[in-house]
2 protein chains.
Amino acid sequence: MDPHLLTTFVTVARHGSFSAAAAELGYTQSAISQQIAALESDLGLPLLRRRPVEPTPAGRRLLEHAGPLLLRLRAARADVLRAAAPARHLLRLAATPLALSAEVAGRLARARAAEPRLEVRLRTCRPGQAAALVAEGHADLGLTDGIVAPSDPLRLPPDTGPMTATGVAEQDLVVALPADHPLTGRTGVRLADLVDARWLDTPLCPLARLRDLAGEGFPAGLAYDGDDVHTVLNLVAAGHGLIVLPARALTPPVMPISVVPVPVTAPRLVHRVELLHATLPPGPAADVAAALTG
Amino acid sequence: MDPHLLTTFVTVARHGSFSAAAAELGYTQSAISQQIAALESDLGLPLLRRRPVEPTPAGRRLLEHAGPLLLRLRAARADVLRAAAPARHLLRLAATPLALSAEVAGRLARARAAEPRLEVRLRTCRPGQAAALVAEGHADLGLTDGIVAPSDPLRLPPDTGPMTATGVAEQDLVVALPADHPLTGRTGVRLADLVDARWLDTPLCPLARLRDLAGEGFPAGLAYDGDDVHTVLNLVAAGHGLIVLPARALTPPVMPISVVPVPVTAPRLVHRVELLHATLPPGPAADVAAALTG
DNA sequence: TCGTCTTACGAGAAGCGTAAGAATT
DNA sequence: AATTCTTACGCTTCTCGTAAGACGA
C-alpha cells in the first residue's frame, strides 16, 4: 500500500488505460504495469481487469479509500511545512464565485486597509475544491458556499486533517426566472412548485444538492460545467432552465433585465458562506481571517 | 512522507531513542538513523533534536498527523481485504468491559442460538481501541461505551474510514461510594457536589471525560491503568476514590456489600453502548450485528 | 569513557527502461 | 493486423548492515 503505487492505481483507473497513465505520470507503460502488479501482489488480489481496463470489486473498494488517503497525506505534509514556514506578506485566497459576494469582498478590502503591506492573490475554485486547496497548502484561506438549512454548517469533504470552518455570511435564496416565466410576478415560490420545471445543473448550484434538500425531480434542462454567474444568468434568460442563487447575487448591475429573481419561501433554506483555514500562525493571514469572520 | 519512514518516526519519538526503536522494529540503529535522515531531508526540516531525542515543533506537528494517517492506511487495507474475503463462521468481537453488559451479552446469546455454527471469539479492549480494531480488521464487530448526554452519539476517533456506529443501550449513571461515605443514604447526587472528592482515574471512566462534562475539579486520588470492574470496586470500597459507572454494573452479585451506588441526578448524563462495524458482507456477522442493535 | 547517534562503504534488493512476447479486439 | 498489456533482462538507484567515527553526558 505504498502511496506511490496508490497514485499510479488511481491514475490508471481514471484513464482506463496503462499507457495513458504512464504518459500522465512520466513513466513507461512497462513501469506502470509493474507497479500495478506490485500493488496487486501486495494485497494478494486482482485490482484491475485488463482489456478493457476497469477496476474489480476490490479495486473499486480501494479507489474509494485511495483518494481521501492521498489527500490526507498531502495535507499532512503541507501542514508540517506550513507550521515551519516563516510568515509572509502574501495571502493566497481560494474562493468559489458565489462565496466572494460584494459584502465579503468589502470586508476583505477593509482588512487589507489595516494591513497595507499585504499582497493578496485570489483564485476561484469549485465548492468541493476549496477545502482541499487549503488542506494541501495551495491556499491560506478558503471561502466556500453552499445551500443549507438556516444556521447549519456546510458539509465539507472529510479527511482533510485539522481545519477550521467559520460561518461568514448567510442570505436568502431566490429562483432566477426568465422575464417571460409565468411565476415572475410572484412575491415568493416554493421549490415544490418548480419540481417539474427545467433546471440548470452547474457547480454553482448542483441539482443533486437541490434534490437532497427538496425531494426528487428538478430535471436538468442544460448542464453547464462552468462557474461564471454571468453566463448562467444568460442561460436562464434564454430559457434553458432555472437556477437557485443567493438573493444579492441577483441585484443590478449583475442581473440582466431579462432575468427576474423570486424569493424561495419553502423549504426554509439559506445560502451560506464559510471561511476555511488551517491553524494559522499569528500574522497577516490570521488578521484577515479574523476580519472576515468578525 | 513514505509511511514506512513515518512508522519509524513515531516509534523513535515514542521511545525517545533510535536504538530502542531499532530493537522494536527489527532494524539496526544505523538503518533508523538513515530513515530519520531521509524523512527530514524529504521535508527539508529537522524533526528530532538529538541527545536527548525529542521532537522539534515541526516533528510534534508531524506526530499529530502520523498516527491517524497510518491508522487510516491500515484501515483501508483491511477494508479491501475484508470485502474480498470469503464469509467465515467466525465472529471476532472486541468489547470494552462496560459495553458487554448482562443485557448485551444476553442479546448476543440469543443471536448465537439462531446461528448455531457460529464461533465467537471475544476480546476486551479499551474504549479508544475498539474503533481501531474494527477498522484494521482485527475484529468484525466492536462494542464501545462512554458517557454522553442522553441520545448523543459517542465521540469516536475520526479518520478510521467508513464505519457504522449504532446505539445499542443506554442506562443511567451511579456514583460508587464506599459504605461509610456520608452521601451513602442519598437517593441521588449531583456531580457538582463531588467535585472536591477524590476520584479514581481509570480507562473505564477517565476523569478527563468527567471534567469535560461536569466542569473542572475531580482530583485523582488513584490512577488505575486497568479495566477490571471488580478491582475498581475494591478500590472504591477501600476509600481510594469514587467512580461513575452505569447503574446495572453495580447490582449484585458484582457489587461488594461495602460499595453503595447512588444515582447521578445532574448533569443529565447516561452510559451509552454503541456497536461498531465496517460494511459487513451478508452472513453471520451481519445477522449478529442486526440482533444486537435490534 | 561510555553510550548513542552519524557516516562510509559494500552487498543485496528494488525499480525503471528497452525490447521482445502474448493476448484481445 | 493493430493496439495494449506482460515479461525478460540489464542498469541504476535505494536501502540495509557492518564498522568506524563523532558527539555528549
Side-chain angles (χ1 to χ4, degrees), chain A residues 1-60 62-63 66 69-70 73-74 77 80 84, chain B residues 1-60 62-63 66 69-70 73-74 77 80 84:
Chain A
M1 296 266 303
D2 182 346
H4 187 209
L5 302 184
L6 241 36
T7 306
T8 300
F9 174 62
V10 300
T11 309
V12 170
R14 178 157 38 84
H15 284 91
S17 155
F18 283 48
S19 359
E24 175 176 330
L25 296 173
Y27 287 107
T28 59
Q29 291 97 328
S30 167
I32 301 298
S33 181
Q34 293 176 56
Q35 289 179 18
I36 297 296
L39 188 59
E40 288 180 323
S41 117
D42 172 33
L43 288 168
L45 293 170
L47 297 172
L48 293 169
R49 237 182 289 285
R50 271 72 164 185
R51 253 184 293 250
V53 172
E54 59 183 3
T56 63
R60 242 171 286 132
L62 182 57
L63 277 175
L69 209 46
L70 293 171
L73 200 64
R74 290 190 301 267
R77 183 188 182 84
V80 173
Chain B
M1 297 266 304
D2 182 345
H4 187 211
L5 303 183
L6 241 36
T7 306
T8 300
F9 174 62
V10 300
T11 309
V12 170
R14 176 156 40 83
H15 283 93
S17 155
F18 283 48
S19 358
E24 175 177 330
L25 297 173
Y27 288 108
T28 59
Q29 294 96 327
S30 167
I32 301 298
S33 181
Q34 292 175 57
Q35 289 177 18
I36 297 296
L39 189 59
E40 289 180 322
S41 114
D42 173 33
L43 288 169
L45 293 169
L47 297 172
L48 294 169
R49 237 182 291 284
R50 270 74 164 183
R51 252 182 295 248
V53 172
E54 60 182 3
T56 62
R60 242 171 284 133
L62 182 58
L63 277 176
L69 210 46
L70 293 170
L73 200 63
R74 290 191 301 268
R77 183 189 182 84
V80 172

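Here is how names work: the chains are called A, B, and so on, in the same order as the sequence lines, proteins then strands, and each is numbered from 1. None of the values given here were measured: they were computed from a predicted structure. Side chains included, hydrogens not; waters and symmetry mates left out as well; all remaining heavy atoms used.
Atoms NE2 and CG, on B/His4 and B/Leu70 in that order, are 11.0 Å from each other to the nearest 0.5 Å. The structure places OH of A/Tyr27 at 7.0 Å from CD1 of A/Ile32, a figure rounded to the nearest 0.5 Å. Between A/Arg77 atom CZ and B/Asp42 atom CG the span is 4.0 Å, to the nearest 0.5 Å.
Nearest nucleotide to the side chain of A/Ser19, out of D/dT6, D/dT4, C/dC16: D/dT4. Nearest nucleotide to the side chain of B/Tyr27, out of C/dG17, D/dC16, C/dT7: D/dC16. Checking D/dT4, D/dG17, C/dC5 against the side-chain heavy atoms of B/Ser17 singles out C/dC5 as nearest.
A donor N or O paired with an acceptor N or O is found under 3.5 Å between the base of D/dC23 and the side-chain atoms of B/Arg51. Below the 3.5 angstrom threshold, one finds a donor paired with an acceptor across the side chain of B/Ser30 and the base of D/dT18. Between the side chain of B/Gln34 and the base of D/dG17, a donor-acceptor pair under 3.5 Å is found.
The distance from atom CZ of A/Arg49 to atom C1' of D/dC5 is 16 Å, rounded to the nearest whole Å. When rounded to the nearest whole Å, the span between CD1 of A/Ile36 and P of D/dT4 equals 17 Å. In this structure, CD1 of A/Ile32 is placed 12 Å from C1' of C/dG15, rounded to the nearest angstrom. To the nearest angstrom, P of D/dT15 lies 11 Å from CG of A/Asp2. A/His4 has its NE2 atom 10 Å from the P atom of C/dG15, to the nearest Å. Atom CG of B/Leu25 is separated from atom C1' of D/dG17 by 16 Å (rounded to the nearest Å). Rounding to whole angstrom units, CD of residue B/Gln35 and P of C/dT7 are separated by 15 Å. The CZ-C1' distance, from A/Phe18 to C/dA23, rounds to 13 Å in whole Å.
Judged purely by atom type and a 3.5 angstrom limit, A/Glu40 uses its side chain to pair as donor or acceptor with the backbone of A/Leu47. Side-chain atoms of A/Gln35 do not come within 3.5 Å of backbone N or O of A/Leu5 as any donor-acceptor pair.
The residue among B/Gln29 and A/Pro52 whose nearest nucleotide of DNA chain C lies closer to the 5′ end is B/Gln29.
At the phosphate of C/dT24, neither OP1 nor OP2 sits under 4.0 Å from any side-chain N or O atom of A/Arg50. At the phosphate of D/dT6, OP1 or OP2 sits under 4.0 Å from a side-chain N or O atom of A/Ser33.
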